[in-house]
Asker: 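Okay, here's the structure, questions in a sec.
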Amino acid sequence: MAIMDINADLGEGFGVWELGDDLALLDVVTSANVACGFHAGDPLIMRRVCAASVERGVTIGAQVSYRDLAGFGRREMDVAPAELTAEILYQIAALDGIARTEGGRVAYVKPHGALYNRVVRDAVQARAVADAVRAYDPSLPLLTLPGSAVHDVADGLTVVAECFADRAYTPSGALVSRREPGAVIHDPDAVVQRAVRMALDGTVVAVDGGEVALKARSMCVHGDTPGAVELARSVRSALSGAGVVLESFA
């Protein structure tokens, strides 16, 4: 029996700026990666998303990032390990405090954007993130790619593997950079087919046409692309129709 979590990045507005339909996506996903203010989000948005997540029974995760509001956390940065650990710790604690006032809590941690991709290959920064999670609550799982360096430096932390329904993969199993054409897949039929294949077979077709093995427990659907809500609904419906049990990992 295949079991899969569906997660999405939420709370990514800032002030008067809105990005994505958080409430609609919360009716689809089983886990919400909530922006903690460093790449997007602000205290009011964080509180609204946490309250709505609790109301719907959606698991709350802290989506931590480089301190990069202007670049939406998608610009790679060289941050000293001690500083990065402190900044990740700050973000987790802020979101968890807000979540608890709404009757929930942070149940896992997921890096965002450039930090997500950096810790896949950089053991030093991966360890800095892991150290922050361990310092705050060593029971919190970390969400990352199957081949991420995080797995090697977790030192007792739970690491959960994630796949992406609408992202292109390299032959090595990494995500194609958003700077490259075709990095995000917009064809709904292709996204749905890939999602079912990932959940049932644990494989995905890479950009070179080859098959890449990936064993994932959580699947990300993006909330900031055109037609994101309908696409997420289609993915959920297809997974359910294929007999996949939809359940949060945390």
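When reading the values below, keep in mind they use all heavy atoms of this one structure, side chains included, and skip hydrogens, waters and symmetry mates.
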Asker: Other hydrophobic cluster members with Tyr108, side-chain heavy atoms of Ile/Leu/Val/Met/Phe/Trp/Tyr under 4.5 Å, chained?
Answerer: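 Under the 4.5 Å side-chain rule, Tyr108 groups with Leu143, Val160, Phe249.
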
Asker: If you look only at distance, which donor and acceptor atoms sit under 3.5 Å apart when one is on a side chain in residues 231-239 and the other is two or more places apart or in another chain?
Answerer:
from	atom 1	to	atom 2	distance (Å)
Arg233	NH1	Glu230	OE2	2.5
Ser234	OG	Glu230	O	3.0
Arg236	NH1	Val28	O	2.5

Asker: Does anything in residues 109-121 pair up under salt bridge (charged side-chain N to carboxylate O under 4.0 Å, His left out), and if so which pairs, sequence neighbours excluded?
Answerer: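 For residues 109-121, and leaving out neighbouring residues, the salt bridge (charged side-chain N to carboxylate O under 4.0 Å, His left out) pairs sorted by first residue read Asp9-Lys110, Glu76-Arg118, Glu76-Arg121, Asp78-Arg118, Lys110-Glu162, Arg118-Asp122.
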
Asker: Which pairs pass ring-ring contact (aromatic ring centres under 6.0 Å, His included) with one or both residues in residues 183-216, sequence neighbours excluded?
Answerer: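 Not a single pair qualifies under ring-ring contact (aromatic ring centres under 6.0 Å, His included).
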
Asker: Who else is in the cluster with Leu19 when I, L, V, M, F, W and Y are joined by side-chain contacts under 4.5 Å?
Answerer: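 Taking Ile, Leu, Val, Met, Phe, Trp and Tyr as members, Leu19 shares its hydrophobic cluster with Phe72.
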
Asker: Scan for ring-ring contact (aromatic ring centres under 6.0 Å, His included) pairs involving residues 204-244, sequence neighbours excluded, and state none if there are none.
Answerer: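 Qualifying pairs: Phe164-His222.
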
Asker: Not counting sequence neighbours, which residues clear side-chain contact (heavy atoms from CB on, under 4.5 Å) with Glu55? List them please.
Answerer: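 Residues passing side-chain contact (heavy atoms from CB on, under 4.5 Å) with Glu55: none at all.
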
Asker: Sorted by first residue and then second, give each side-chain hydrogen bond (donor to acceptor under 3.5 Å, both in side chains) pair with at least one member in residues 238-250; sequence neighbours left out.
Answerer: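 Those involving residues 238-250 are Ser31-Ser248, Thr59-Ser248.
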
Asker: Quick one: do Glu83 and Arg67 make a salt bridge, cutoff under 4.0 Å?
Answerer: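 The answer is no: the pair does not qualify as a salt bridge.
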
Asker: Please, which pairs that meet side-chain hydrogen bond (donor to acceptor under 3.5 Å, both in side chains) have at least one residue in residues 41-54, sequence neighbours excluded?
Answerer: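 Found Arg47-Glu102.
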
Asker: Which residues pass the side-chain contact (heavy atoms from CB on, under 4.5 Å) test with Arg100, sequence neighbours left out?
Answerer: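 So Arg100 forms a side-chain contact (heavy atoms from CB on, under 4.5 Å) with Asp96, Arg105.
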
Asker: Considering residues at least two apart in sequence or located in another chain, which fulfil the side-chain contact (heavy atoms from CB on, under 4.5 Å) criterion with Glu180?
Answerer: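 Testing Glu180 for side-chain contact (heavy atoms from CB on, under 4.5 Å), a comparison that skips the adjacent residues, returns Val176, Ser177.
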
Asker: Can you name the side-chain contact (heavy atoms from CB on, under 4.5 Å) partners of Ala190, sequence neighbours left out?
Answerer: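 Ala190: side-chain contact (heavy atoms from CB on, under 4.5 Å) contacts with Ile185, Asp187.
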
